[in-house]
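One structure is given below, encoded as structure tokens.
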Amino acid sequence: MLDKTYDAAAVEPRIANQWEEAGAFRAGAGAKEGAAPFTIVIPPPNVTGSLHMGHALNNTLQDVLVRFERMRGRDVLWQPGTDHAGIATQMVVERQLAERQEPDRRSMGREAFVERVWSWKAESGGTIQNQLFRLGASCDWSRERFTMDDGLSAAVLEVFVKLHADGLIYRDKRLVNWDPRFLTAISDLEVQQVEVKGNLWHFRYPIEGGATYEAPIAWDEETGEPTEYETRDYIVVATTRPETMLGDTAVAVHPDDPRYQGLIGKHVVLPLVGRRIPIVGDDYADPETGSGAVKITPAHDFNDFEVGRRHDLAMINILDEEARLSLDGNEAFLAGVGDDANFADVMALHGIERFKARDAIVALMEARELLAEIEPHVHMVPHGDRSGVVIEPFLTDQWYVDAATLAKPAMEAVRKGDTTFVPGNWERVYFEWMENIQPWCISRQLWWGHQIPAWYGPDGAVFVAKTEDEALAAASERFGRPASVAGKAEAVASWEAGAGDSVALYRDEDVLDTWFSSALWPFSTLGWPEKTPELARYYPTSVLVTGFDIIFFWVARMMMMGLQFTEQAPFHTVYIHALVRDEKGAKMSKSKGNVIDPIELIDQFGADALRFTLAAMAAQGRDIKLSPARVQGYRNFTTKLWNAARFAEMNGCKPVADFDPDGVQETLSKWIVVETARTAAAVTEAIETYRFNDAAGAVYSFTWHSFCDWYLELSKPVLQGDDSPARRELQAVTAWVLDEIVKLLHPFMPFLTEELWARTAEEAGIQRRKLLALTAWPQRAVADNAAAREINWLVDLISQIRSVRAEVNVPAGSPIPIVLVGAGAQERGWIATHKAAIKRLARVEQISEADAPPPQSAQVILGDVAVCLPLAGVVDLDAERARLKKELDRLAGEIKKIDGKLSNPSFVERAPEEVVEEQRERREEAESRRVKVEAALGRL
RNA sequence: GGGCGGUUAGCUCAGCUGGUUAGAGCACCUGGUUUACACCCAGGGGGUCGGGAGUUCGAAUCUCUCACCGCCCACCA
């Protein structure tokens with residue numbers, strides 16, 4: 001006997017363990033002979049992570065697809081795993097060291113630190129898997145992978161070495177986005193532009209040798225033409241970053257700018273520093289902006305870097321890696337320094353942090369009366385997405401991937417339709433980015449990650465190889481003597497000391513961007529570069545389910561790597577789901593602290609309720625703002641279904657072996673059988689087209705409204721009556737429909753349905769396999785439903801009587817008689833069949849017929865039949881009049897509207913025949929109804 | 001500066017390829033101790049579908065435009 005309410009908290013862990021023990025999630029488990037594979041690779045969560053709403057949504061949707069396909073008999077693999085998440089993980093462990101007041105990363109050394117991260121992973125890395133397990137994610141946990149495990153690391157090596165050999169990975173010295181907090185380069189994607197209120201400082205740079213020019217100082221209000229000039233011996237430049245002026249190596253003006261044309265080729269003397277720097281003509285300078293002259297700092301600005309290249313300017317780096325001024329011993333900086341009586345003031349700034357340096361420089365300029373103006377200015381400033389500090393463009397050697405080359409086939413695959421995005425508008429986003437893709441900086445100055453397989457030798461020699469031995473072999477061949485590996489300092493020292501017996505190499509200390517290994521995920525997890533059976537069977541994958549926030553980070557890169565190394569696009573479909581945002585619509589993130597914990601909702605309402613909520617809200621192209629009330633609503637739904645099963649149990653509705661839904665005799669049975677099939681078809685189609693909300697909605701409303709509210713209620717008189725063939729049939733039908741609902745609902749609510757599936761069988765004394773492991777997705781042709789007319793009429797009749805009763809204030813508990821006027825043979829038959837149900841559901845005590853409506857009765861018009869409630873003294877006649885009047889108004893309105901259409905000649909001519917015909921029929925119905933209602937009103 | 005998405009009931013949202021009486025959940029009002037379910041049942045109120053223009057016989061749905069809101073991308077000193 002089932003309990004009165006469903007206890008998710010007790011059932012869910014038990015069921016989860018049963019699945020686990022049964023090995024039901026294993027790849028291919030339960031697949032039909034010769035079944036087509038269906039593969040999803042999980043977007044690997046960070047090992048540091050815990051389950052947030054985004055994960056809950058993401059994995060719910062994947063699980064819906066996976067369970068659905070498994071039930072259809074496909075050979076399903078849902079590949080799970082986690083990502084080593086370079087910076088994030090290193091941060092977490094470093095923070096832990098600090099909290100525990102243990103030696104920091106540098107003092108413990110690289111090897112010990114990496115060891116420490118591994119042991120941290122062993123202890124704490126499993127959180128998210130457990131949480132996914134609680135959510136009911138049916139991944140093949142036996143195949144769980146980690147981006148830094150041996151197999152995946154081998155794949156990384158293979159890819160790096162191959163891309164390097166093909167010239168698609170190279171080392172380059174250029175400006176990178178440098179994170180001065182984590183002391184590493186990061187990629188463009190890891191930079192967030194943040195709006196900052198700052199200033200634009202206008203500085204005067206004196207022109208060398210007393211040259212002058214005429215600068216406009218007043219303009220005509222209408223024409224904008226200058227009306228007044230002054231003679232200047234300085235150029236005004238504006239900057240948001242005064243501290244970088246120490247590294248200025250030019251001032252640029254537009255070549256066509258009449259104000260400055262005569263100055264191009266001359267020099268200014270850089271204030272404070274005394275350096276002579278040229279005035280260059282370059283299109284980059286915009287005459288419309290500021291003074292039209294711009295200071296150029298090639299080592300600290302991406303634009304200036306390009307200008308510097310064009311004009312062969314010196315690049316003076318004036319910052320150290322922690323973004324402090326680096327002046328002492330800075331040869332490039334000191335090289336051009338001129339005579340300046342106060343130069344010591346500048347040198348005193350050595351070692352000062354950049355923002356303090358900014359204030360100091362401004363003060364020095366002001367003291368020298370070279371500060372022309374301070375203008376408040378709002379602008380976008382690059383920040384590290386993890387560190388949150390301002391990113392510094394910094395000149396370093398890094399490794400790059402030639403992304404533009406790899407992007408070409410990746411775009412082509414989407415263009416050809418080998419891979420389809422759902423919803424399709426994301427393809428635009430994908431193309432937009434791919435078409436403008438920049439070289440991908442893949443080296444990181446971190447310790448946790450895949451160390452770059454490159455070894456350096458003397459004379460700029462670089463050996464990229466899968467193993468140290470291979471690198472050494474290549475080196476000794478190149479240098480003609482044995483090679484050995486040493487530490488960096490040692491190796492460099494040996495090169496400076498000159499040739500010895502052997503040549504020393506040192507290994508690149510950097511590691512790869514985390515996304516480099518993630519990019520290989522769809523095939524590295526299947527064993528690549530080995531030719532494993534799994535790779536052959538499950539690759540390319542069927543669907544990737546992910547959020548749009550990582551299309552660039554991940555999806556695009558998997559496409560590139562997948563095509564480059566397997567010559568196939570890694571997925572057929574990329575389903576992009578919404579982001580679950582906080583109540584303000586902001587992206588949830590740990591750093592913002594606005595994360596809602598799905599585990600709390602699971603504790604409160606159960607995983608099934610949470611899953612169903614997420615699926616029901618996963619309409620394409622819209623973000624989800626989750627409300628706990630909604631989850632509660634769907635928790636109620638679990639109870640509703642539970643109680644329907646309880647009712648079935650109490651009424652002897654047991655599954656019947658070999659039950660044939662097509663063989664049923666009762667109208668009610670025929671109706672619900674067809675409705676069930678219709679629902680199954682709707683759910684199937686919706687899942688196939690990734691309309692999760694429609695799928696959830698269809699099964700929800702069928703279960704609650706069609707099945708519980710009508711079918712069960714209508715069947716009660718029979719089920720609770722004496723034994724009869726009809727009763728036995730309805731018992732079997734009820735059990736069958738319930739089973740079908742349980743199956744249809746299983747992808748969304750796996751725990752509840754699995755429990756019901758087992759309990760139903762148990763009560764009936766039947767042996768059954770786990771629902772999860774069953775190839776049993778409901779699929780039936782939707783037969784023509786002749787029974788629908790009858791049941792719809794019946795539903796209509798009962799609804800109308802109920803409505804009238806309420807509106808004319810008949811006490812809810814008091815049974816009333818009804819009198820039918822104008823009933824035909826068909827209606828008589830229907831009434832006879834469903835008499836008991838009508839009496840019960842509409843609270844009717846007696847049904848009779850008459851030729852004319854009894855006096856003082858309320859009336860319901862059902863087609864040709866008037867259903868009269870003769871209730872002299874009971875009925876509130878005024879209320880009935882008002883009710884009828886209201887109905888009359890509504891009908892009149894409808895008729896008027898239809899007449900408007902039908903009297904419009906162009907409607908009749910141009911609208912499709914069936915639409916016109918439908919309007920005519922509708923008008924006729926409304927009119928005949930109007931006549932009857934009017935008559936009823938007249939009689940009162 | 002480009003691009004995308006949103007604006008539908010008090011709240012959170014559906015409404016796919018134009019024809020519905022514009023729906024759901026929650027909230028609200030009225031009435032219910034009918035032995036599956038009060039995490040329930042029955043009935044009900046509530047929307048000029050952001051504003052404007054257009055296309056069409058017909059627009060919440062297509063086009064344009066304006067207004068707000070959100071997001072993504074971008075090197076403007």
Side-chain angles (χ1 to χ4, degrees), chain A residues 2 4-6 193 200 237-241 252 284-286 288-297 301-306 377 379-380 393 425-426 428-429 432-433 436 548-549 551-552 579 581 584-587 605 609 613 616-617 619-630 632-651 686 689 691 693-694 697 700-701 708-709 712-713 716 720 798-799 802-807 809-813 840-843 890 893-894 897 901 904-912 914-916 918-919 922:
Chain A
L2 298 175
K4 200 166 170 181
T5 52
Y6 169 66
Q193 300 293 337
L200 209 45
V237 294
T239 180
T240 54
R241 302 201 54 197
Y284 167 64
D286 175 5
E288 304 298 317
T289 304
S291 66
V294 56
K295 69 193 243 346
I296 299 297
T297 321
D301 182 283
F302 287 98
N303 286 311
D304 294 4
F305 182 79
E306 296 303 323
H377 182 65
H379 61 140
M380 301 299 270
N425 55 318
W426 292 109
R428 266 186 85 142
V429 177
E432 172 66 20
W433 189 68
N436 299 302
F548 60 79
D549 52 329
I551 290 178
F552 304 148
L579 232 51
R581 296 180 181 275
K584 291 172 204 152
K587 197 166 154 178
F605 300 116
T613 307
M617 294 184 82
Q620 285 180 12
R622 187 155 182 158
D623 289 339
I624 294 178
K625 284 190 247 166
L626 197 67
S627 113
R630 195 79 188 248
Q632 182 176 321
Y634 290 119
R635 187 278 316 270
N636 295 353
F637 177 57
T638 65
T639 310
K640 184 72 183 176
L641 177 62
W642 183 260
N643 275 289
R646 187 159 167 264
F647 170 82
E649 180 188 88
M650 292 167 77
N651 286 280
T689 51
R691 296 194 328 268
N693 57 323
D694 287 344
Y700 179 93
S701 73
C708 292
D709 290 349
L712 287 184
E713 293 301 332
K716 272 179 182 173
Q720 295 172 355
I798 294 168
S799 301
R802 282 169 171 174
S803 177
V804 174
R805 289 179 55 118
E807 284 192 52
N809 304 316
V810 175
R840 178 184 185 120
L841 299 185
R843 300 250 85 195
R890 192 186 66 78
E894 195 181 337
K897 199 171 151 192
K901 285 186 189 175
N904 181 346
S906 45
F907 171 72
V908 181
E909 280 166 35
R910 308 173 99 153
E914 62 269 23
V915 172
V916 177
E918 191 193 325
Q919 293 296 323
R922 216 189 283 170

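Computed from a predicted structure; not experimentally measured. Sequence lines set the chain letters: A, B, ... in the order given, protein chains first and strands last, and positions in each chain run from 1.
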Residue A/Phe552, side-chain atoms from C-beta onward, closest of B/G44, B/C73, B/A36: B/C73
A/Ser803 side-chain N/O to B/G44 phosphate OP1/OP2 under 4.0 Å: yes
Nearest listed nucleotide, side chain of A/Lys4, among B/A38, B/C76, B/G32: B/A38
Protein-nucleotide distance (A/Glu288, atom CD; B/G1, atom P), rounded to Å: 16 Å
Short N-O contact, A/Glu432 and A/Arg428, less than 4.0 angstrom: no
Protein and nucleotides 9-17 of chain B: nitrogen or oxygen contacts under 3.5 angstrom:
| unit_1 | atom_1 | unit_2 | atom_2 | d |
| --- | --- | --- | --- | --- |
| B/A14 | OP1 | A/Arg622 | NE | 3.3 |
| B/A14 | OP2 | A/Arg622 | NE | 3.2 |
| B/A14 | OP2 | A/Arg622 | NH1 | 2.4 |

Residue-phosphate contact under 4.0 Å: A/Arg428 side-chain N/O, B/C4 OP1/OP2: yes
Close N/O contacts between protein and nucleotides 39-41 of chain B (under 3.5 Å):
| unit_1 | atom_1 | unit_2 | atom_2 | d |
| --- | --- | --- | --- | --- |
| B/C39 | O4' | A/Asn636 | OD1 | 3.1 |
| B/C39 | O2 | A/Arg635 | NE | 2.7 |
| B/C39 | O2 | A/Asn636 | OD1 | 3.3 |
| B/C39 | O2 | A/Thr639 | OG1 | 2.5 |
| B/C40 | OP1 | A/Asn636 | ND2 | 3.2 |
| B/C40 | O3' | A/Lys640 | NZ | 3.3 |
| B/C41 | OP1 | A/Lys640 | NZ | 2.9 |
| B/C41 | OP1 | A/Trp704 | NE1 | 2.5 |

Sugar-phosphate, base or nothing in reach of A/Ala285, heavy atoms under 4.0 Å: base
Residue pair A/Phe605 / A/Tyr634, side-chain heavy-atom distance below 4.5 Å: no
A/Arg910 CZ to B/C57 P, straight-line distance once rounded to whole Å: 4 Å
Intra- and inter-strand pairs of RNA chain B in dot-bracket (Watson-Crick or G-U wobble, both distances under 3.5 Å; | for another strand): (((((((..((((.....[...)))).(((((.......))))).....(((((..]....))))))))))))....
B/A42 phosphate, OP1 or OP2, under 4.0 Å from A/Arg843 side-chain N/O: no
Short side-chain N/O contact from A/Arg646 to OP1 or OP2 of B/A36, under 4.0 Å: no
Touch class at under 4.0 angstrom, heavy-atom based, for A/Ala812 against every strand present: sugar-phosphate
